[in-house]
Amino acid sequence: MRQAIVLHFLLGVLACLSPVTHVKAEDPYVYYNWVVEYGEVSPLGVKQRGILINGQFPGPTINVTTNDNVIVNLQNKLDEPLLITWQGIKQRKSSWQDGVLGTNCPIPPNSNWTYKMQMKDQIGTYTYFPSTLLHRAAGGYGGFNIMARSVIPVPYPKPYEEFTVLISDWWKKDHKGHTLRLVECEGSHTIQEVYESLDLHVGQSSSFLVTTHSMGETKDFFIVASTRFTKPKILTSTAILHYQGSKSAASGPLPIAPTYHIHWSMKQARTIRWNLTANAARPNPQGAFHYGTIQVVRTIVLENTAAKINGKLRYAINKISYINPDTPLKLADYFNIPGVFTLNSTKDTPPAGPAVLGTSVIGASLHDFVEIVFQNTESTVQSWHLDGNDFWSFGVKKLKHTGYGGGKWNSTLRRRFYNYNDAPTRCTVQVYPYSWSAILVSLDNKGMWNLRSANWPRRYLGQELYVRVWNDEKSLFTEYDIPPNALLCGKAKR
């Protein structure tokens with residue numbers, strides 16, 4: 001018998017899950033109680049201290065449904081303040097729940113805080129992880145899957161089984177032995193292309209259909225994850241695809257690891273396209289939103305650089321290396337506290353001169369339709385994530401028309417390289433060495449949203465900023481009020 005299995009490949013981080021309670025209401029409520037603490041882990045066979053949730057590493061994956069209300073009561077038993085961020089979850093009208101230092105005071109040691117989030121009009125595969133310090137490197141992370149409502153059809157048969165495969169600092173992309181049929185990336189149903197392997201960049205996630213077959217006998221197979229851009233050393237890890245009734249262990253040789261082919265990876269990225277006729281979280285087809293016909297009101301070009309500031313390595317965006325103030329930006333904005341940040345301190349184009357330390361905030365109006373170009377002047381692949389929103393990363397209809405380009409970006413390249421028809425929406429985009437990637441984003445979610453490098457050492461050393469999406473209307477139709485349980489710190493007082 002041939003059976004279809006969905007594999008959710010989540011590149012990023014993993015954590016765990018407690019027993020769940022469902023309460024019937026207008027939209028269902030799902031409750032989690034988490035205890036975050038240190039414990040012993042050995043992902044590579046060497047015992048070391050890691051961050052556990054409810055005593056588990058790695059742990060189960062959060063599985064919820066579109067529009068569910070998710071309540072996570074988190075008890076921090078670490079010896080340092082902690083925040084969990086929910087990468088890819090839009091937090092509609094509520095950046096208060098985003099879990100980054102620009103929006104939330106960290107949860108002190110030996111105390112708890114409750115996140116209250118709604119999965120409003122979302123489907124897809126996402127992740128969550130600690131956003132404070134370098135906690136993410138020690139664990140506390142996991143998969144976060146939002147299933148479609150039963151009244152919304154999906155553009156593929158119901159799979160026999162579903163699995164979440166998590167790829168983190170110990171693992172990386174690529175899979176071969178069975179073929180992979182791509183069906184979704186970060187909330188977008190895609191044209192169902194078939195791949196022997198697919199590049200997943202830091203922070204990205206996708207869903208695949210895999211049709212199992214025993215190749216003449218019932219036996220197990222390897223799932224292989226290998227790095228592409230870590231020359232000269234290639235890192236490889238394996239898991240097992242186990243067949244029911246199999247008595248034969250997986251056997252080698254393993255597939256040859258991918259080589260450092262930037263152009264090949266870029267060409268593959270261009271093949272990922274939007275399924276225009278499929279539904280997503282809403283009943284209307286994805287292609288009903290004709291993003292290519294909307295007038296762009298602003299173009300922002302962001303350039304990443306490495307720099308020495310005060311004799312130390314830092315990373316900067318448009319020559320500003322981000323530092324967190326004592327007061328979260330969202331609280332400073334809400335309470336009108338001066339001196340915490342200066343709006344539009346980051347310019348719309350890369351300036352001349354040396355990099356400096358600063359608290360970077362870009363101001364935008366609610367419902368602005370903005371073009372953002374990520375310009376990479378370095379020799380490493382970059383990966384960028386935007387909280388609170390998804391965007392059209394300019395995938396292609398034909399390989400020569402794309403939002404992934406080589407060299408310096410300029411406005412004359414739009415006509416030649418942009419795909420205005422079926423680029424997928426996602427929340428994390430890669431930028432190849434000495435290249436650029438362009439996105440379009442409809443800033444229709446009021447709040448303070450983190451735009452950051454998904455490569456955590458770079459983010460930790462300054463490669464991030466915030467986008468303040470704002471209008472002067474004080475209304476619950478555009479933004480929820482400050483939560484009554486909001487933690488206050490720095491200059492913020494009630």
Side-chain angles (χ1 to χ4, degrees), residues 11-13 87 100-102 129 131-137 168-169 172-173 199 201-204 227-235 260-263 265-266 269 300-325 341-342 344-362 372-387 404-410 428-439 450-467:
L11 185 84
V13 282
Q87 177 148 309
V100 290
L101 288 173
F129 52 82
S131 66
T132 40
L133 302 176
L134 288 176
H135 291 140
R136 173 177 174 175
S168 70
D169 291 339
K172 211 178 177 185
K173 51 191 176 296
D199 282 4
H201 298 268
V202 178
Q204 292 184 337
T227 59
R228 179 184 296 280
F229 301 112
T230 55
K231 65 177 185 181
K233 187 176 182 180
I234 296 175
L235 307 176
Y260 193 90
H261 284 166
I262 295 289
H263 183 64
S265 181
M266 187 182 292
I300 302 173
V301 181
L302 300 177
E303 184 175 273
N304 55 274
T305 53
K308 283 289 185 71
I309 302 178
N310 299 327
K312 296 181 179 179
L313 174 65
R314 299 285 301 186
Y315 296 101
I317 306 173
N318 285 7
K319 300 299 176 67
I320 297 181
S321 183
Y322 188 87
I323 52 173
N324 282 298
F341 68 91
T342 301
N344 293 318
S345 52
T346 293
K347 304 306 178 185
D348 284 6
T349 56
V356 297
L357 300 176
T359 303
S360 312
V361 180
I362 292 175
I372 301 178
V373 179
F374 298 102
Q375 178 73 59
N376 183 9
T377 61
E378 299 181 66
S379 61
T380 56
V381 178
Q382 304 292 313
S383 192
W384 291 89
H385 174 82
L386 176 60
D387 280 351
Y404 304 104
K408 287 276 189 178
W409 179 89
N410 65 74
T428 306
V429 65
Q430 73 272 23
V431 192
Y432 295 95
Y434 306 112
S435 300
W436 54 267
S437 292
I439 66 171
N450 191 210
L451 175 61
R452 60 177 177 262
S453 170
N455 184 318
W456 218 245
R458 297 186 72 97
R459 188 258 191 181
Y460 180 71
L461 293 177
Q463 193 171 314
E464 65 173 320
L465 54 76
Y466 282 81
V467 180

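Basis for what follows: all heavy atoms, side chains included, without hydrogens, waters or symmetry-related copies.
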Seminar exercise, completed: Shortest non-hydrogen pair, S383 vs V202, comes out as OG-O, 2.5 Å
Exercise. Just wondering, do N455 and T380 contact through their side chains at under 4.5 Å, heavy atoms?
Worked result: no
Exercise. Which distance, rounded to the nearest 0.5 Å, do you find between the OH of Y466 and the CG of D387?
Worked result: 7.5 Å
Exercise. For P433, does its backbone N or O pair with a side-chain atom of S435 as donor and acceptor, under 3.5 Å?
Worked result: yes
For this session: Please say which of H385, Q87, Q430 ends up in a side-chain hydrogen bond (donor to acceptor under 3.5 Å, both in side chains) with Q204.
Result: Q430
Exercise. Among all residues two or more places apart in sequence or in another chain, which pass the side-chain hydrogen bond (donor to acceptor under 3.5 Å, both in side chains) test with T342?
Worked result: none
For this session: Give every residue pair that meets the salt bridge (Lys or Arg N to Asp or Glu O under 4.0 Å) criterion with at least one member in residues 456-465, sequence neighbours excluded.
Result: E378-R458, R459-E464
For this session: Specify the closest pair of heavy atoms between A454 and R136, including all atoms of both residues, with the distance to one decimal.
Result: O-NH1, 3.6 Å
For this session: Carefully, step by step, assess L101 and S131 under the rule side chain to side chain contact (heavy atoms under 4.5 Å, CB included).
Result: CA-CA 8 Å; L101 288 173; S131 66; 5.5 Å; no
Less than 3.5 Å apart, which donor and acceptor atoms pair up between the side chains of residues 317-325 and the rest of the protein, not counting sequence neighbours?
unit_1 : atom_1 : unit_2 : atom_2 : d
N318   : OD1    : E303   : N      : 2.8
N318   : ND2    : V301   : O      : 3.0
N318   : ND2    : K347   : O      : 2.9
K319   : NZ     : P351   : O      : 3.3
K319   : NZ     : G353   : O      : 2.7
S321   : OG     : R314   : NE     : 2.9
S321   : OG     : R314   : NH2    : 3.2
S321   : OG     : Y315   : O      : 2.9
S321   : OG     : L461   : O      : 3.3

Problem set entry | Main-chain N/O of N304 paired to T377 side chain as donor or acceptor, under 3.5 Å | yes
For this session: Decide yes or no on side chain to side chain contact (heavy atoms under 4.5 Å, CB included) for I362 and N344, but give the supporting numbers first.
Result: CA-CA 5 Å; I362 292 175; N344 293 318; 4.2 Å; yes
For this session: Determine whether the aromatic ring centres of Y460 and H135 lie less than 6.0 Å apart.
Result: no
Exercise. Going from CD1 on I300 to OG1 on T346, what distance comes out if it is rounded to the nearest 0.5 angstrom?
Worked result: 9.5 Å
Exercise. Donor-acceptor pair, S453 side chain versus Q463 backbone, under 3.5 Å?
Worked result: no
For this session: Apply side chain to side chain contact (heavy atoms under 4.5 Å, CB included) to S437 and Q382, showing your working.
Result: CA-CA 10 Å; S437 292; Q382 304 292 313; over 6 Å; no
Exercise. Between F129 and W456, is a side chain to side chain contact (heavy atoms under 4.5 Å, CB included) present by the stated rule, with each step listed?
Worked result: CA-CA 11 Å; F129 52 82; W456 218 245; 3.4 Å; yes
Seminar exercise, completed: Exactly one candidate in W409, Y432, W384 meets ring-ring contact (aromatic ring centres under 6.0 Å, His included) with F374; the answer is W384
